[in-house]
Student: 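Shown below is the structure under consideration.
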Amino acid sequence: MAVRKVAVTLPEELYKMVEQARAIEHRSRSEVIQEALRTHFGEPTYRPTEEERAALVAALDAAQADPESLHEWSDVRKTLPGRR
């Protein structure tokens, strides 16, 4: 898929919302804005299944119960396919 670079000017409140979302979700600014545009124009976006949500809740509960078992995001990201 071809991509184009676009400069966008955002009001401070929207910029802060994008920055907060990307920090929480560990995604790039471009990914957050692309998803917002897809949602706006009606393109389907990823929605986790109930099973995936349950797995996430279980993982968060486990992390809260044993914080020493957590890993730094930068270390985890290195293990993902296509990420180095």
Side-chain angles (χ1 to χ4, degrees):
M1 164 176 51
V3 296
R4 290 192 183 211
K5 207 175 249 196
V6 177
V8 177
T9 303
L10 298 174
E12 187 66 26
E13 66 185 55
L14 285 179
Y15 178 79
K16 286 179 180 178
M17 291 171 68
V18 169
E19 291 301 296
Q20 182 179 18
R22 75 186 203 92
I24 291 170
E25 299 172 13
H26 302 288
R27 298 189 319 167
S28 70
R29 195 174 292 122
S30 290
E31 289 170 327
V32 171
I33 293 171
Q34 287 171 21
E35 182 177 349
L37 288 171
R38 285 186 180 102
T39 300
H40 175 78
F41 289 112
E43 185 176 311
T45 57
Y46 171 74
R47 300 270 190 250
T49 64
E50 288 304 316
E51 183 178 290
E52 290 169 325
R53 287 176 199 243
L56 178 58
V57 168
L60 291 171
D61 288 344
Q64 190 172 26
D66 184 15
E68 296 296 319
S69 68
L70 300 178
H71 302 283
E72 289 295 322
W73 174 244
S74 57
D75 295 335
V76 173
R77 192 175 181 123
K78 291 175 189 173
T79 68
L80 299 175
R83 304 279 183 151
R84 294 284 174 224

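Quick caveat, the model's predicted, so the values are computed rather than measured.
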Student: Name every donor-acceptor pair, under 3.5 Å, that has one atom in a side chain of residues 64-75 and the other anywhere in the protein, sequence neighbours excluded.
Tutor:
unit_1 : atom_1 : unit_2 : atom_2 : d
S69    : OG     : D66    : O      : 2.7

Student: So, are R22 and E19 salt-bridged, with charged N and O less than 4.0 Å apart?
Tutor: yes

Student: Pick one: which of E35, R27, R29 meets side-chain contact (heavy atoms from CB on, under 4.5 Å) with E31?
Tutor: R27

Student: For R53, give me all partners under side chain to side chain contact (heavy atoms under 4.5 Å, CB included), at least two apart in sequence or on another chain.
Tutor: P48, E50

Student: Indicate if V32 and I24 have the same hydrophobic cluster label, given that clusters are the connected sets of ILVMFWY residues with side-chain heavy-atom separations under 4.5 angstrom.
Tutor: no

Student: Let me have the donor-acceptor pairs involving side chains of residues 6-18, under 3.5 Å, with sequence neighbours excluded, atom names and distances please.
Tutor:
none

Student: Under 6.0 Å from the CD atom of Q20, do we count more than 12 heavy atoms belonging to anything else shown?
Tutor: no

